[in-house]
Amino acid sequence: MAEVTVKLFGVYRTDTHIASTVIDAKKVIDIFPVINEKASAVFEEKKKENPSLVKPEPIRYKDAVVYVGGEKCSKKGRVLKSGEEVWIMSPASGG
């Protein structure tokens, strides 16, 4: 397992209310269940304040643009090293 910093951008950051978090993961694909679990916990807290909130869809590797160490990651099985930074971005952008 490697301890990596995961940063979310765009719609993912807005929907999950998570800008950055530290996760233990062996491979890139291992990050997604942890992020979704953390997002669910944040959602439950936020829902107490605002019952009309709608739960966001889970973030999936195949739907995201992923960078590791500043380089685009095209393999979900890429092994992570402690201290690496992973960026997860939604493919859609405003204009």
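Just so we're clear, the structure is a prediction, and the values are computed from it rather than from any experiment.
- Summarising the geometry, atom OG1 belonging to T16 is positioned 4.5 Å from atom CG belonging to L8; distances are rounded to the nearest 0.5 Å.
- Closest approach of F43 to V54, counting heavy atoms only: CE1-C, 3.6 Å.
- Atom OH in Y12 sits 10.5 Å away from atom CD in E57 (nearest 0.5 Å).
- Among all heavy-atom pairs drawn from K27 and K76, the shortest one is CB-O, 4.1 Å.
- Across all non-hydrogen atoms, the minimal contact from S90 to V11 is OG-N, 3.4 Å.
- Residues T21 and K38 have side chains in contact (heavy-atom distance under 4.5 Å, counting atoms from C-beta outward).
- Every side chain to side chain contact (heavy atoms under 4.5 Å, CB included) that A25 has, sequence neighbours left out, goes to I23, D30, I31, L80.
- Linking ILVMFWY residues whenever their side-chain heavy atoms come closer than 4.5 Å, directly or via other members, leaves V79 and F32 in distinct clusters.
- V66 and M89 fall into different hydrophobic clusters, where Ile, Leu, Val, Met, Phe, Trp and Tyr are joined by side-chain heavy atoms under 4.5 Å apart, directly or via other members.
- Annotation for E3 and S82: closest pair N-OG, 3.2 Å, computed over non-hydrogen atoms.
- K62 is linked by a side chain to side chain contact (heavy atoms under 4.5 Å, CB included) to R60, counting only residues two or more places apart in sequence or in another chain.
- Here the OG-NZ distance, from S40 to K47, works out to 12.5 Å after rounding to the nearest 0.5 Å.
- For the atom pair NZ (K75) and CD1 (I29), the distance works out to 14.5 Å, reported to the nearest 0.5 Å.
- In this structure, the side chain to side chain contact (heavy atoms under 4.5 Å, CB included) partners of V42, at least two apart in sequence or on a different chain, are H17, I18, K46.
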Give the intermediate values and the outcome of side-chain contact (heavy atoms from CB on, under 4.5 Å) for residues V22 and V6.
CA-CA 6 Å; V22 175; V6 178; over 6 Å; no
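- Using a 30° and 60° split on the angle between ring planes, Y67 and W87 fall in the tilted class, from 30° to 60°.
- Counting all heavy atoms, side chain and backbone alike, Y61 lies closest to C73 at OH-O, 3.3 Å.
- Classification of R78 and E71 as a salt-bridged pair fails, no side-chain N sitting under 4.0 Å from a carboxylate O.
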